[in-house]
Amino acid sequence: SSGSANSGEDGTYVIHGLAPGTYAVRFDPMMHNWYYDDGLLSEYFDGAPEWQLAAPVDVLVGEDTGSINATLRQGAMITGTVYGPDGTTPAPYVSVYTSPGTTLGDATTGADGTYTIKGVPAGTYSVRFDPWNHNDMYGARLLSEYYENTRDESAATTRWLEPGETWSGVDATLEEGATLSGTVTGDDGAKLGGITVRLTDPVTGVEIWRGTDASGFWTADAVPPGSYILEFDPSNYNDAYDASYVREFWSDKAGFWEADPVSVSLAETRSDLNVQLVQGGLTLTANIGGLPAGAGDTYQWIDLYERLAD
């Protein structure tokens, strides 16, 4: 059995209709925090951070439990300012998160680039800055990062925070990523829409997926610096148009590890990553013998292996 109630303007509450038993009582200030822009922490009776540590409340038939009160504490606060690549221009609409995340551990920068994260529970945190909303609104290509100036979470600066503590000056100057683009055509000159373009950095593990539009054009913005393998996969196009274009890697390579890596620098723009896919992919037709009666319409897995020369 369980029950709930909201505290009134005077802070009092009453939970009715509880069956007899022993309960843990939780105080959750989420709505209060949202309405009053506050940063109180949730807790269990009597001041416990987890239900396993909560003081039990016994409910008996026809009896009032008495005063099950709580004095909620302020969580920690993180403040700072986010700038663009020049280090002076504020970057609004950047999402800022605690890492690891918490229920209230996020904020969005204002027009002046400042942010405040409230209600952070005690713990060790870093901060992540995610500019995707900013990029969408301003046509920018800023890169996400962790404090201080790293895209590797394990290398981020961290700090232990106590309730009521303020970690100020957690600023960021976001770097500008690259823009890569090109056009995919067929060996007959056709513009190929719906081709999957995948950029993979084998060192960092970063993967970026894009698709070509009806004119065969593709673009990838805010690409972090690195060395990328470009893959052009026509599977969706082939399925849609009963075509037989062959997947390839940059440039004119058949396999991932044979591909020529594309080196990418900060703020670079490169628009010459064009490819021409050839047709003639192998179509395999086979009759499978030895199947039981009635099994002719079932799907059978067939594995193909490339035989390498000795």
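- Residues passing the side-chain hydrogen bond (donor to acceptor under 3.5 Å, both in side chains) test with D152 are S154, sequence neighbours excluded.
- Applying the ring-ring contact (aromatic ring centres under 6.0 Å, His included) rule to Y241 yields the partners Y237; only residues at least two apart in sequence or on another chain are considered.
- A search for side-chain contact (heavy atoms from CB on, under 4.5 Å) contacts involving S215 returns D213, F217, not counting sequence neighbours.
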Throw together a table of side-chain donor-acceptor distances under 3.5 angstrom for residues 48-64, partners on residues two or more places apart or in other chains.
residue, atom, partner, partner atom, Å
D58, OD1, T22, OG1, 2.8
D64, OD1, G66, N, 2.9

With a 3.5 Å cut-off and sequence neighbours excluded, list the donor-acceptor pairs that the side chains of residues 173-186 form with protein atoms.
residue, atom, partner, partner atom, Å
E175, OE1, R151, NH1, 3.0
E175, OE1, R151, NH2, 3.4
E176, OE2, R141, NE, 2.8
E176, OE2, R141, NH2, 3.4
T179, OG1, R141, NH1, 2.9
T179, OG1, D221, OD1, 2.9

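- The ring-ring contact (aromatic ring centres under 6.0 Å, His included) search around W167 returns Y147, not counting sequence neighbours.
- The side-chain hydrogen bond (donor to acceptor under 3.5 Å, both in side chains) test applied to S235 returns D233, not counting sequence neighbours.
- A side-chain donor-acceptor contact under 3.5 Å links Q74 and D38.
- Among residue pairs with one or both ends in residues 253-262, those qualifying as side-chain hydrogen bond (donor to acceptor under 3.5 Å, both in side chains) are S251-D260, K253-D260; sequence neighbours excluded.
- Taking the ring centre of Y97 as origin, the terminal cationic atom of R128 falls outside the region bounded by 6.0 Å and 45° from the ring axis.
- In summary, the side chains of T200 and E231 do not present any donor paired with an acceptor at a separation below 3.5 Å, with no hydrogens or angles considered.
- Ring geometry for W218 versus F232: interplanar angle over 60°, hence perpendicular rather than tilted (30 to 60°).
- Contacts of T204 classified as side-chain hydrogen bond (donor to acceptor under 3.5 Å, both in side chains), with partners at least two apart in sequence or in another chain: D201.
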Distance-only donor-acceptor hits, side chain of residues 133-140, under 3.5 Å, sequence neighbours excluded:
residue, atom, partner, partner atom, Å
H134, ND1, P92, O, 2.8
N135, OD1, L142, N, 3.0
N135, ND2, L142, O, 3.0

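- With sequence neighbours excluded, no residue satisfies side-chain hydrogen bond (donor to acceptor under 3.5 Å, both in side chains) with N274.
- Under the ring-ring contact (aromatic ring centres under 6.0 Å, His included) criterion, Y36 pairs with H32, not counting sequence neighbours.
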